[in-house]
Chemist: 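Have a look at the structure that comes next, please.
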There are 2 protein chains.
Amino acid sequence: MTEDRQDTKNRLLDAAENLFSHKGFEEVSIRELAGAADVNVAAVNYHFQGKDNLYREVIRRRFIIQRDRTLAAIGRVLTENNGKPPLDSLIRSIVSLYLDASLSPKQDGAFLKLIVRESHSNGDHATPLFFKEMVAPVFRTFSNALMQARPRLEQEQVDWIIASIIGQIHHFIMRWQKRQSFPEDSEALQIMLNAFPALGLPVEEYIQEVTRHITQFSKAAIDTLYPEVSP
Amino acid sequence: MTEDRQDTKNRLLDAAENLFSHKGFEEVSIRELAGAADVNVAAVNYHFQGKDNLYREVIRRRFIIQRDRTLAAIGRVLTENNGKPPLDSLIRSIVSLYLDASLSPKQDGAFLKLIVRESHSNGDHATPLFFKEMVAPVFRTFSNALMQARPRLEQEQVDWIIASIIGQIHHFIMRWQKRQSFPEDSEALQIMLNAFPALGLPVEEYIQEVTRHITQFSKAAIDTLYPEVSP
DNA sequence: ACATAAATTAAACACAAGTTTGAATTCTGT
DNA sequence: ACAGAATTCAAACTTGTGTTTAATTTATGT
């Protein structure tokens, strides 16, 4: 029984993650969910006491994984450089981690769309959870690491820098998602590709190019605005 | 009759713009719409043949205004500087125009949320229209202006730069919206304000600060990555 | 092996959504 | 003033949603 319990519960969680991340909370019905997981419609309410709770569980499960990966990645860059990480290594590790997790089909797939979606959505389905368990720790750690890389930076300056970096990451993730959602021969897609040809690349190269751009763009801005004193 | 026709139709359009921009397409019901405009529920279908079409009309009406304002603003910066606009003036005019139109209550209010929402949404309610009539012309014009400001820039480099600027704009708009959606005493709001104190400012100052930051951040990056040749 | 608890199922419920209907009202041109 | 068209209205229709129910099946502990 505990065998089957975990089975249906996990099948539901897996299906939910898939569907939610591709279509969003509202756009996925319980019947669709149940169909994909091959369980009865009542299972959602039996095991999770409602759709909202299932969504929260999905988000939590993934958030924790990604949060831990992020903290680990930042920690790695720090220790590898004895507490004084190069700025570009730091930025690159964050950017590529999020792009990878969001876009790469080889990874866990599109699950990080959940995060982007959640941070842009208005629903209160999981927002408090999202902020408390995910945003806050990652922000603090990244913020501290940036101040290790550039000790003369003040907290407020770091806040602005992080906002600009995150904004770019989100935007390039969204662009890719949008690109994928268009029919291959649609006029809108043509316009999009014309305005931004990189969207025609394969995923891996897109991730690579975006990572390169955000990293060098942001580093250049930081170096110019807040120059290090020469030793 | 043509008097009343315009009256109910416009009342509906106005109410729709208000509600759609604050709550999004799905979250606004026809009954809510009709109630706010003080018309019968059937009016939407009578005058617009369905909710989708009403949404499209709302979007189009506002898109055209904002698009024309954008093109005019860029044109102004160009002529004021004899075709060689300073980079920061160019960026600042775009950024402040979009922040103003999106956040300022004195202006048309929150209508530009529509654009941000639309460019991040998955629905096909108005996306092709959005791309063809709005994104394409604005992109082309902004792109050309940037190449006037920095003649050595190549098209592909400009594409990346614009993406970074737009990404930042969207992100700061979203942050403000999200901030507004939180209860004043919620824990999530505390976390948010702690990670980004500028959200505690009044709107006008927020717009001012964000404009300043995006402008100098982006200009610094461009100047460093693609330096001008000295004459 | 059996009583009990857990889990699954098909069916129904309650509700809110967009839309349609057909009658009543208002406007328009003559 | 009147006929005909345009508009408004209350009400019903249709569909899809999340959830609940009550019966049935399956697993568990003794």
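So that the names make sense, note that chain A is the first sequence line, chain B the second, and so on, each numbered from 1.
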Chemist: If I take atom CG in residue N53(B) and atom C1' in nucleotide dT19(C), what distance separates them, rounded to the nearest angstrom?
Modeler: 14 Å
Chemist: Give the rounded distance in Å between these two atoms: CG of N10(A) and P of dA7(C).
Modeler: 13 Å
Chemist: Has H47(B) got a side-chain N or O lying under 4.0 Å from the OP1 or OP2 atom of dT8(D)?
Modeler: yes
Chemist: Working to the nearest 0.5 angstrom, can you tell me the gap between L71(A) CG and L78(A) CG?
Modeler: 11.0 Å
Chemist: Using atom CD of E26(A) as one end and atom P of dT17(D) as the other, report the distance to the nearest whole Å.
Modeler: 12 Å
Chemist: Suppose the criterion is salt bridge (charged side-chain N to carboxylate O under 4.0 Å, His left out): which pairs have a residue in residues 31-40 of chain A, not counting sequence neighbours?
Modeler: K23(A)-E32(A)
Chemist: To the nearest angstrom, how far is L12(A) atom CG from dG18(D) atom P?
Modeler: 13 Å
Chemist: Do other residues, nucleotides or ligands put more than 12 heavy atoms under 6.0 Å from E156(A) CD?
Modeler: no
Chemist: Specify the separation, in whole Å, of atom CG of D7(B) and atom P of dC27(C).
Modeler: 11 Å
Chemist: Examine dT7(D): is either OP1 or OP2 under 4.0 Å from a nitrogen or oxygen in the side chain of T8(B)? Give yes or no.
Modeler: no
Chemist: Going by number, which of residues 29-45 of chain B have a non-hydrogen atom under 4.0 Å from DNA chain C?
Modeler: S29(B), I30(B), R31(B), A42(B), N45(B)
Chemist: Would you kindly give the CG-to-C1' distance between D52(B) and dG18(C), to the nearest whole Å?
Modeler: 10 Å
Chemist: Taking the six-membered ring of Y46(B), is the NZ or CZ of K9(B) close enough (under 6.0 Å from the centre) and on axis enough (within 45°)?
Modeler: no
Chemist: Decide if atom CD of E209(A) counts as having more than 12 heavy atoms of other residues, nucleotides or ligands within a radius under 6.0 Å.
Modeler: yes
Chemist: Distance check needed: dG18(D) C1' versus Y55(A) OH, whole Å only.
Modeler: 17 Å
Chemist: Return the set of residues passing side chain to side chain contact (heavy atoms under 4.5 Å, CB included) with A188(A) (not counting sequence neighbours), or none when no residue passes.
Modeler: F182(A), S186(A), F131(B)
Chemist: Taking atom P of dT20(D) as reference, at what distance in whole Å does atom CD of Q49(A) sit?
Modeler: 10 Å
